[in-house]
Amino acid sequence: MPLNYVKYPLQAAYYPGDNEVTADSVFSGITTFAKLPWVECLGKDKGVAFDIAFIGAPFDTGTSYRPGARFGPAGIRAGSRRSTLCGGYNVPLEINPFHSGLRIVDCGDIPVSSYDNKFAIEQIEKGHKSLLHRRTASVLGNDSVSGKPLTPISIDGKTHPRIITLGGDHTIVLPILRSINSAYGAISIIHFDSHLDTWRPQVFGGAPTDQASINHGTYFYWASQEDLIKNGSSIANPHAAIRTTLSGPADYDNDDASGFQRIEAREIDTIGTDGIIKKIRETVGEKPVYLSIDIDTLDPAYAPATGTPETGGWSTRELRTILRGLDGLHIVSADIVEVAPAYDTNAELTTIAAADVLFEVMSVMVKTPLGKVVNSKN
């Protein structure tokens, strides 16, 4: 290999292609997610178009046990530094998302107050909605099977970019779903978590004030009350790893009323990852879907750095397999939450796991455009 193999002087080959140089300049540059271009989407680069954007929401004042997820966005980005170390080709999904032709960027973080939860939630909704309603860099194109033109699946008839949010505690999903509602209406949800997060505020925390009633255990309750969730087509994926203790059976009754179906974490022992995938796909179908992933889906052996750890969870390999099984679903946006780096090991187990999970999500997204073929007779 000649010494001057770098294609352009002082520019690292962050996204090598097939049979190109890898493992080069891993630690150079600013720490964005997987070394994606940094675009100040909420600042001077408001006019820049993109297809997928990573955005941080450093909020953790809705947590009930261990705080620290405000440092999640920074930790996940650090964990992603080696995402393209050997190249970005996803072998099981047979795609390199960085070479997909889509423009994928890191927009930094939404400015979030750490003093006023009500104001912070408004900031997150406003920031997310600003990105969601930007123009896309790529056209929707034609269906890969029929060759017919695709039309957007949004309710406003527009093609929207996809936003992947780095949390932050799980409270951030309420303002995100409010944002999603403006483009897609009531949405189906795939929710990977060890906890229900549909608790009635009077049960989870007691709701001493209106603002205290909105937290990382009640946000789906409020989303249901605001008709942001398409009832009966959402699945709490224990996440379907659901394995939390309850106040009693009434918690499941309330979960049912909020529009969710459950897959318990222990079901993986009997039906395996294929069975989990089948349940999810049968529930969601072809509808647009939002994907929310709490890192505590994973057993603490694989992801100790989280706010409310629960033993008996899935392995990193199992979760990544299940996520790849979502290939073909219309995932409009996604998040990963509850990563609290202060509790991680020196080996950065949790932040690396979170970054790898998002690599799978991104790979699934780039394979399926957010469009459908409309029957001309209709």
Side-chain angles (χ1 to χ4, degrees), residues 32-33 40-43 53-79 106-132 163-181 189 191-193 195 197-199 201 204-205 207 209-223 226 228 290-297 303 305-309 333-344 350-351 354-355 357-358:
T32 61
F33 185 86
E40 295 185 63
C41 306
L42 300 176
F54 287 80
I55 188 75
F59 171 93
D60 68 0
T61 46
T63 191
S64 58
Y65 191 49
R66 301 195 305 200
R70 68 182 66 183
F71 300 108
I76 296 166
R77 290 186 176 104
D106 189 327
C107 290
D109 292 349
I110 299 172
V112 176
S113 171
S114 57
Y115 305 107
D116 186 327
N117 281 13
K118 183 176 185 296
F119 182 61
I121 288 172
E122 292 171 354
Q123 287 177 301
I124 294 168
E125 179 183 354
K126 182 178 179 181
H128 191 279
K129 188 180 294 184
S130 171
L131 301 183
L132 184 66
I163 316 302
I164 299 177
T165 307
L166 314 176
D169 78 49
H170 228 146
T171 311
I172 69 169
V173 171
L174 179 58
I176 289 174
L177 290 180
R178 289 169 176 167
S179 169
I180 291 292
N181 186 263
I189 296 169
H191 172 221
F192 290 91
D193 203 317
H195 307 95
D197 295 355
T198 54
W199 278 287
F204 196 89
T209 66
D210 289 343
Q211 194 52 52
S213 70
I214 301 174
N215 56 60
H216 76 162
T218 65
Y219 62 93
F220 272 142
Y221 168 86
W222 290 113
E226 295 178 21
L228 305 178
Y290 181 82
L291 174 61
S292 184
I293 305 170
D294 190 322
I295 198 64
D296 71 18
T297 300
T306 188
T308 317
S333 284
D335 66 72
I336 193 161
V337 296
E338 300 287 354
V339 175
Y343 311 109
D344 215 351
T350 311
T351 55
V357 163
L358 291 184

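The shown structure was predicted, so the numbers you read here are calculated from the model rather than taken from an experiment. The analysis underlying the following values was restricted to heavy atoms, covering all of them including side chains, and did not include hydrogens, waters or symmetry mates.
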Does the side chain of [X] reach to within under 4.5 Å of the side chain of [Y], using non-hydrogen atoms?
| X | Y | answer |
| --- | --- | --- |
| F59 | N117 | yes |
| F54 | L358 | yes |
| S213 | W222 | yes |
| I121 | R178 | yes |
| P175 | H128 | no |
| T350 | Y343 | no |
| L174 | L228 | yes |
| H195 | E338 | no |

Requested in this report: Apply side-chain contact (heavy atoms from CB on, under 4.5 Å) to I189 and F220, showing your working.
Outcome: CA-CA 10 Å; I189 296 169; F220 272 142; 3.5 Å; yes
Report task. Would you mind telling me which of L42, I110, T165 makes a side chain to side chain contact (heavy atoms under 4.5 Å, CB included) with L131? Result ->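 Per the side chain to side chain contact (heavy atoms under 4.5 Å, CB included) rule, the option paired with L131 is L42, out of L42, I110, T165.
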Minimum heavy-atom separation for [X] to [Y], with atom names?
| X | Y | result |
| --- | --- | --- |
| G167 | I76 | O-CD1, 4.2 Å |
| H216 | S64 | NE2-OG, 2.7 Å |
| G62 | N215 | O-CB, 3.3 Å |
| A69 | P73 | O-CD, 3.7 Å |
| G75 | P341 | CA-CG, 4.0 Å |
| A305 | D344 | CB-N, 3.4 Å |

Query raised in the report: Sequence neighbours excluded, which residues qualify as salt bridge (charged side-chain N to carboxylate O under 4.0 Å, His left out) partners of K118?
Result: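 By the salt bridge (charged side-chain N to carboxylate O under 4.0 Å, His left out) rule, K118 matches E122.
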Requested in this report: Only counting residues at least two apart or in another chain, list the ones meeting salt bridge (charged side-chain N to carboxylate O under 4.0 Å, His left out) with D106.
Outcome: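 With neighbours one apart ignored, the set is R77.
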**Report entry** Aromatic ring pairing H170/Y219, orientation class (parallel under 30°, perpendicular over 60°, tilted between)
**Finding:** parallel
Query raised in the report: Is the number of heavy atoms from other residues, nucleotides or ligands under 6.0 Å of F204 CZ greater than 12?
Result: yes
Working to the nearest 0.5 angstrom, can you tell me the gap between [X] [atom1] and [Y] [atom2]?
| X | Y | atom1 | atom2 | answer |
| --- | --- | --- | --- | --- |
| I214 | T209 | CD1 | OG1 | 9.0 Å |
| T218 | D197 | OG1 | CG | 8.5 Å |
| S333 | L177 | OG | CG | 10.0 Å |
| K129 | I163 | NZ | CD1 | 13.5 Å |
| I124 | T171 | CD1 | OG1 | 8.0 Å |

Report summary line: Between R70 and the options T63, D169, D60, the side chain to side chain donor-acceptor pair (under 3.5 Å) test singles out D60
Requested in this report: List the steps, then state whether side-chain contact (heavy atoms from CB on, under 4.5 Å) holds for D294 with T306.
Outcome: CA-CA 9 Å; D294 190 322; T306 188; 4.1 Å; yes
